[in-house]
Structures are given as C-alpha cells and as structure tokens.
Number of protein chains: 2
Amino acid sequence: MDQRVELRHLRYFLAVADELHFGRAAERLHIAQPALSQQIRQLEKLIGVELFKRTSRSVRLTDAGAAFRPRARDLLGRLAADLHEAGRVGRGEAGRIDIGFISSAVVILSERLRAFARRRPDVHVKLHDGFTVDVLASLEHGTVDVGIVRDAEERDDVDLLPLASERFVAVVPADHPVAGQERAEAADLAADPLILFPRSYGPHAFDVNTAPLRRAGVDVQVAQECSNWHTIIMFVATGLGVTIAPYSVTDRLPRGARRVELAGPPTQSHILMATRRADDRPLVEAFIGRR
Amino acid sequence: MDQRVELRHLRYFLAVADELHFGRAAERLHIAQPALSQQIRQLEKLIGVELFKRTSRSVRLTDAGAAFRPRARDLLGRLAADLHEAGRVGRGEAGRIDIGFISSAVVILSERLRAFARRRPDVHVKLHDGFTVDVLASLEHGTVDVGIVRDAEERDDVDLLPLASERFVAVVPADHPVAGQERAEAADLAADPLILFPRSYGPHAFDVNTAPLRRAGVDVQVAQECSNWHTIIMFVATGLGVTIAPYSVTDRLPRGARRVELAGPPTQSHILMATRRADDRPLVEAFIGRR
DNA sequence: ATGATCGATAGGCTGCACCGATGGATCAGC
DNA sequence: GCTGATCCATCGGTGCAGCCTATCGATCAT
C-alpha cells in the first residue's frame with residue numbers, strides 16, 4: 001500500500017503544510033494548484049488518512065498531518081544528507097580505508113598517514129598489522145585495501161609501488177670478533193648461528209636477502225626462527241647468534257649488540273605499497289598518491 | 001539536483017544491491033530489466049556518483065553504493081513506520097491530547113483518565129490545571145482540546161457535556177450558631193462574612209450559585225476572595241467567615257469547620273466537559289466517549 | 001446582492017517510466 | 001577457437017500518470 005508513495009508526495013505535503021494554502025504552495029512548487037490538490041488527495045488515499053481539513057476558505061492540518069509533518073521533513077533532510085554523503089564517498093572525500101602493514105614499516109606508514117589525514121580529514125583509516133604474507137592475503141581477500149609490505153614478489157593481480165629501500169647490515173653480539181670493525185665480510189659470519197624470520201614468511205624475500213651470505217659460501221641454515229625484528233635483535237644481544245637486518249630496525253640497538261656493515265655490493269630491502277590491480281577506487285588512488 | 005530523486009529510485013537501488021543482478025532484481029520488482037537499468041543509471045546521474053561497477057558478467061557495489069545502501073534501507077523503513085504512525089494518529093490510536101481541568105474535578109477526571117488510558121494505551125495525555133475561565137480560554141486558544149470545568153455558561157462555539165452534579169452546602173465555623181444543625185436557612189448566614197471565589201472567575205456560575213442566598217435576602221458581598229476551595233475552607237475553619245461549596249469539596253473538613261445542608265430547593269453545581277464545537281478529531285471524540 | 005477568494009472537478013495533453021527486441025561483451029564447454 | 005549461454009546496455013514504441021487550463025461551487029467581505 002505504501003509502495004506507491006513517492007517523495008513528490010512528501011515534498012508537496014510539506015509545501016501545503018507550510019503555507020496552509022494550496023495556491024501559494026503550488027506556486028512555490030512551480031506547479032498548478034489542481035495538480036497539487038490531486039497529489040495530496042492521492043497521498044491521503046495511499047496512507048488511508050486525511051492529512052488536511054480543508055474548506056473553501058481555510059486549510060488546516062489534521063492531527064495525523066501534524067504528526068506526519070516533522071517526520072516527513074526529517075526524512076527529506078536525511079535523504080539529502082545521505083545523497084550528499086554518497087557523493088563525497090564516491091569522490092573519495094569521505095569513507096573508510098583499510099590498511100595492512102608490517103610492523104617494521106611503522107615509521108614510513110605513520111608519515112604517510114599524517115599526510116593523508118590532512119588531505120582527507122573525513123576518511124576513517126583502519127589499520128591491520130601482520131607479516132608480509134598475511135598482509136598480502138588480506139589484500140587479496142579484500143580485508144584490506146592497501147598493504148605495506150617488505151620485499152614482496154611481483155604478481156599479476158597486485159600492483160607494487162616502492163616506498164623506500166635500505167641496505168641490509170649485520171648485527172652481532174658485542175663480543176663477536178668483528179664487533180669493533182667498520183665492515184665485515186659475509187664469510188666472517190659463517191661460523192655463527194643465524195637468527196632470522198622463518199623462510200615460509202616470504203620465501204622470495206628470504207632468498208634475495210640471504211643471497212650475499214650464500215655467495216660468500218655461508219651455508220644459510222636458520223638456527224633460531226623468530227617473527228619480530230626486535231626480538232631477533234634481543235637474541236643477538238644476549239649472544240645467541242648473529243643476524244642480518246634492514247638498517248632501520250638497527251637504529252637503536254640494545255647494549256649487547258653491534259651493527260657491522262657488510263662488505264661487497266649492498267643488498268637492498270624494499271618497503272612496498274601493494275594494491276589490487278583491479279582496484280581503482282578513489283580512496284585507494286588517493287592514498288597511494290596517484291592523485 | 002536531488003529534487004528529482006524519487007523513492008522508486010531507492011527501492012530499485014536496494015533490489016539491485018541485494019541481488020547484485022539486474023535480471024533477478026527486475027523480476028523481484030515486477031518490472032523488465034531495461035527499465036531497471038535505466039532507473040539506476042538515472043539515479044546515478046542525479047546524485048553524480050556511480051553506485052554500481054558493472055561488467056556484462058558481474059555487478060558490484062562501489063564504495064559510494066555500499067555507503068548509501070544502509071541509509072537508503074533505513075529511509076524506506078522510517079517512511080513506512082512514519083506512514084503507519086500517521087495512520088494510527090488519524091484513527092485516534094496514538095497521538096496526544098491536552099486536557100484542562102479545575103482542581104475540584106480531580107477525582108472524576110482521574111477515573112476517566114484511567115479508563116481512557118486502558119482503551120488508548122499509546123495516547124499521551126497532557127494535563128493543565130486552572131480555573132474554569134482559564135480552562136475555557138485555553139480551549140478556545142487551542143492549548144487544550146478538552147476542558148473539565150464547573151458551571152460554565154452555554155456558548156455557541158463550545159459543546160458542554162455534563163459529567164456530574166452535586167448540591168451546594170454551607171460550611172461554617174464549629175462555633176457558629178447553626179453549626180450543630182442538620183440544615184439551616186440561607187438567611188442564617190446573612191450576618192457572617194462570606195468567603196468565596198472572585199466573581200470574575202466565572203460571573204455566571206457565581207450568580208447562579210449564590211442565587212439562593214440572594215433569594216433569602218442575603219446581601220451577597222464577598223468579604224474574602226480566594227481561589228482555592230481548600231484554602232477557603234481553611235479560612236472558615238479558623239473562624240474568618242462562612243461559605244457555600246459543592247458537596248464534594250466538603251468531603252473531609254478540617255477540625256474547625258462544619259457542613260450544614262441548605263434548606264429549600266437545592267442549588268446544583270455541574271461539572272462539565274467542554275470541547276470546541278468544530279472539533280471532530282478522533283482523539284477528542286474518543287475521550288469524551290462519543291465512540 | 002456582488003465580487004473576490006480558494007479548493008475541487010473536468011477534460012485534454014505530454015513526458016516519461018516501462019516494454020519487447022536486439023546488441024555487444026564475457027565466459028564455459030567441447 | 002568456435003559456439004552457445006548469460007547478462008547488462010541500447011533502441012524505438014507505447015500507455016498512463018502527472019500536469020495543464022478552464023470552470024464550478026462554496027464561503028466571505030462589502
């Protein structure tokens with residue numbers, strides 16, 4: 001029964017309720033008076049209730065009309081606001097974006113977040129931290145829209161945009177033979193237990209990053225697997241072994257650990273921003289800075 | 001720009017958003033698929049935002065569409081509820097009624113209120129107390145819809161319905177000559193100061209009610225004006241004078257006052273329910289019991 | 001009585017929401 | 001790689017609903 005009610009009915013009703021005069025209301029609506037009378041009558045028939053008490057001399061709201069008036073006004077107001085909001089979301093001025101990131105990229109991420117929040121103050125950013133593999137899986141699954149990852153392999157359904165790169169350095173215990181040196185050969189680490197991420201967390205990245213060690217003849221066997229750089233470095237500091245790490249995570253080393261540059265061509269670790277290749281939503285484009 | 005958006009657009013949008021399939025959505029709406037495509041396209045044009053991302057193989061919501069969906073659903077739900085509510089108000093099943101009353105009618109009013117609340121549980125009753133003149137003025141002004149008054153004069157814009165009537169009795173101090181008697185002549189009160197309502201509070205009622213006194217030769221001069229029966233009776237109890245009052249307000253007299261029946265034909269005081277004669281609103285009719 | 005005001009009614013026109021047919025893109029199956 | 005199926009978009013055509021003008025009838029002021 002109320003399936004046939006249209007917004008036109010509400011707009012007309014409000015005009016008449018405001019003016020309490022069909023002629024003036026029709027003028028305001030830029031239609032002729034008979035059309036207005038007709039539509040009001042139709043609305044009343046549709047909802048089965050008289051909204052106005054009319055004589056040829058006066059028009060008054062009935063109780064039902066008076067009760068409906070503020071609600072109709074509210075409805076139209078809401079609709080206008082909702083349409084406006086939809087427009088803003090469509091233009092990427094408002095909405096929500098989900099971002100997955102690896103914890104070792106917090107610094108670079110937070111810089112971008114600050115800049116983004118300044119440009120899009122009405123966008124709600126939801127953050128999800130995890131390892132590179134998890135972030136990429138979430139990206140594929142749609143849980144996140146943008147992923148900040150490290151050393152991911154090229155894929156044909158994902159766009160990768162380099163954000164930053166940094167060299168790998170060795171981290172050794174303070175009492176290690178090379179601890180005092182400016183730089184060391186990879187071979188100098190061959191005898192020590194290696195503490196690193198599990199290879200399964202990113203086989204490609206693992207292989208690329210450990211290539212210099214292998215080239216130097218080191219048999220890359222991870223003696224101790226650990227999934228957090230700071231934990232890995234704490235292990236090194238307590239003398240459990242050595243590691244190689246991106247420069248930034250060696251920024252503030254604990255007491256028992258020393259950073260040593262690696263000789264030879266530097267291995268780079270790349271922090272990448274990943275998006276679904278099919279994804280051209282304005283918020284995503286805005287975040288990755290394509291516009 | 002959003003002036004041309006109609007509820008039809010929202011209903012169609014929701015169907016497509018639910019089905020993510022124009023063919024099925026059209027079927028659900030009992031229209032042909034081209035009409036649906038057309039209307040969705042029109043809506044998108046009206047609000048200037050793409051709501052669906054469509055290929056010939058799949059239909060997906062855009063961010064804007066996803067943001068708009070719950071709002072559109074909410075709007076339609078609200079509208080349905082509002083129309084329903086308007087219908088209930090129109091049928092007098094819900095709404096609000098304002099009732100003015102004189103304080104000496106509380107008992108009879110509260111009985112009616114209880115019965116009314118049982119029959120119309122969703123009607124909000126707002127009460128306004130005052131003197132008969134005030135209640136009638138409020139009725140005329142529209143502040144109240146029903147007035148419970150006492151001994152009002154017949155008027156051509158007001159309907160008066162008798163609710164109850166009761167005889168007037170005299171109230172005298174306990175040490176008054178007639179205090180012990182069953183009944184007294186009006187003339188017996190002639191010597192005492194009279195405590196009553198100001199005549200201006202209801203000249204007609206005043207004249208009618210004091211007629212027996214005048215008939216008995218009493219020079220009706222109000223020695224002490226007072227606007228509340230209980231206060232008047234307290235004055236009597238303290239020996240300040242005598243009064244005549246409707247029986248019900250002498251129900252529980254204070255220590256120093258005595259009720260004495262008046263000899264001769266009894267003067268009746270009428271409690272009346274007043275409504276505007278033009279007022280045929282269902283709630284008012286329901287309250288006065290015309291249906 | 002007379003004219004002015006205002007909502008309702010009557011009858012005709014037109015835009016537009018809808019229809020059926022078709023096009024064009026994509027995908028599955030052989 | 002062709003064929004058929006699926007599905008949204010496009011294209012003319014059509015009927016009705018919403019709008020128009022003209023007029024009526026009721027009410028009120030003078």
Side-chain angles (χ1 to χ4, degrees), chain A residues 1-47 49-62 64-65 76 156-157 277-278 280, chain B residues 1-47 49-62 64-65 72 76 156-157 276-278 280:
Chain A
M1 74 143 101
D2 51 66
Q3 278 289 66
R4 305 229 12 171
V5 173
E6 286 295 341
L7 290 179
R8 172 174 24 88
H9 293 122
L10 303 195
R11 294 193 257 259
Y12 290 6
F13 164 74
L14 286 177
V16 177
D18 285 351
E19 302 284 349
L20 290 180
H21 189 292
F22 279 73
R24 279 197 298 276
E27 198 173 345
R28 202 170 95 179
L29 294 165
H30 306 294
I31 62 171
Q33 169 261 317
L36 181 56
S37 292
Q38 211 169 299
Q39 289 298 313
I40 296 291
R41 198 159 285 280
Q42 182 181 332
L43 174 60
E44 291 177 325
K45 194 165 184 182
L46 283 171
I47 65 181
V49 164
E50 270 204 320
L51 295 170
F52 296 102
K53 203 88 193 162
R54 19 196 179 318
T55 71
S56 64
R57 279 327 269 184
S58 74
V59 176
R60 282 186 340 221
L61 279 163
T62 61
L76 286 184
D156 58 356
D157 58 340
R277 185 152 293 173
D280 59 348
Chain B
M1 75 142 103
D2 51 66
Q3 278 289 66
R4 307 229 11 174
V5 174
E6 287 296 340
L7 289 178
R8 171 172 28 88
H9 293 121
L10 302 196
R11 294 192 257 259
Y12 290 4
F13 165 73
L14 285 177
V16 177
D18 285 350
E19 302 284 348
L20 290 179
H21 189 292
F22 279 74
R24 279 196 298 276
E27 200 172 345
R28 204 170 94 179
L29 294 165
H30 306 294
I31 62 171
Q33 169 261 316
L36 181 56
S37 292
Q38 214 169 296
Q39 289 298 311
I40 296 291
R41 198 159 285 280
Q42 184 181 332
L43 174 60
E44 291 177 325
K45 194 164 184 181
L46 283 171
I47 63 180
V49 164
E50 270 205 320
L51 296 169
F52 296 103
K53 202 89 194 163
R54 17 194 179 320
T55 71
S56 63
R57 281 326 269 183
S58 74
V59 176
R60 282 184 342 218
L61 279 163
T62 61
L76 286 184
D156 57 357
D157 58 341
R276 290 181 291 275
R277 186 152 292 171
D280 59 349

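No experiment lies behind these values; they were computed from the predicted model shown. We use all heavy atoms of the structure for the numbers below, so side chains are in, but hydrogens, waters and symmetry mates are not. To find a chain, count down the sequence lines: A is the first, B the second, and so on, and within it residues start at 1.
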For this session: Might you work through the salt bridge (charged side-chain N to carboxylate O under 4.0 Å, His left out) test for Glu6(B) and Arg11(B), ending with a clear yes or no?
Result: CA-CA 9 Å; Glu6(B) 287 296 340; Arg11(B) 294 192 257 259; over 6 Å; no
Exercise. Quick one: is dC7(D) close enough that its OP1 or OP2 comes under 4.0 Å of any side-chain N or O from Gln33(B)?
Worked result: no
Exercise. Step by step, would you call Arg24(B) with Asp18(B) a salt bridge (charged side-chain N to carboxylate O under 4.0 Å, His left out)?
Worked result: CA-CA 10 Å; Arg24(B) 279 196 298 276; Asp18(B) 285 350; over 6 Å; no
Exercise. Please give, in whole Å, the distance from dG18(D) C1' to Ile31(A) CD1?
Worked result: 9 Å
For this session: Please tell me which of the listed nucleotides, dG18(D), dC18(C), dC20(D), lies nearest to the side chain of Ala35(B)?
Result: dC18(C)
Exercise. Heavy atom of residues 18-27 of chain A under 4.0 Å from DNA chain D: which residues?
Worked result: none
Problem set entry | Whole angstrom value for the distance that separates C1' of dC16(C) from CD1 of Ile40(B) | 17 Å
Problem set entry | Spacing of Gln39(B) atom CD relative to dA9(D) atom C1', expressed in whole Å | 15 Å
Exercise. Does Gln38(A) make a side-chain N or O approach to OP1 or OP2 of dA8(C) shorter than 4.0 Å?
Worked result: no
For this session: For Leu36(A) and dC6(C), give me the distance from atom CG to atom C1', rounded to whole Å.
Result: 13 Å
Seminar exercise, completed: Here the gap from Tyr12(B) atom OH to Arg28(B) atom CZ, rounded to the nearest 0.5 Å, amounts to 12.5 Å
Exercise. Does Arg54(A) have a side-chain nitrogen or oxygen under 4.0 Å from the phosphate oxygens OP1 or OP2 of dA8(C)?
Worked result: yes
For this session: With heavy atoms under 4.0 Å as the rule, sort Phe52(B) into base, sugar-phosphate or nothing.
Result: nothing
For this session: Ignoring backbone atoms, test whether Ser37(A) places a side-chain nitrogen or oxygen under 4.0 Å from the OP1 or OP2 oxygen of dA8(C).
Result: yes
Exercise. Considering only dC19(D), dT27(D), dC8(D), which nucleotide approaches the side chain of Val59(B) most closely?
Worked result: dC8(D)
For this session: Using a heavy-atom cut-off of under 4.0 Å over every strand shown, decide if Ser58(A) touches base, sugar-phosphate, or nothing.
Result: nothing
Seminar exercise, completed: Between CZ of Arg8(B) and C1' of dG15(C) the distance, given in whole Å, is 12 Å
Exercise. Is any side-chain nitrogen or oxygen of Gln42(B) closer than 4.0 Å to OP1 or OP2 of dA17(C)?
Worked result: yes
For this session: Look at the side-chain N and O atoms of Arg57(A) and state whether any lies under 4.0 Å from the OP1 or OP2 oxygen of dG7(C).
Result: no
Exercise. Under the 3.5 angstrom rule, does the side chain of Glu44(B) hit a backbone N or O of Phe52(B) as a donor-acceptor pair?
Worked result: yes
Exercise. Toward the 5' end of DNA chain D, which comes first, Pro34(A) or His9(A), by nearest nucleotide?
Worked result: His9(A)
For this session: Have a look at Ala32(A) and say if it touches a base, only the backbone sugar-phosphate, or nothing, with a 4.0 Å heavy-atom cut-off.
Result: base
Exercise. Given atom CG of Leu51(A) and atom C1' of dG7(C), what is their separation to the nearest angstrom?
Worked result: 16 Å
Exercise. Is Arg41(B) near enough to dA9(D) that one of its side-chain N or O atoms lies under 4.0 angstrom from OP1 or OP2?
Worked result: yes
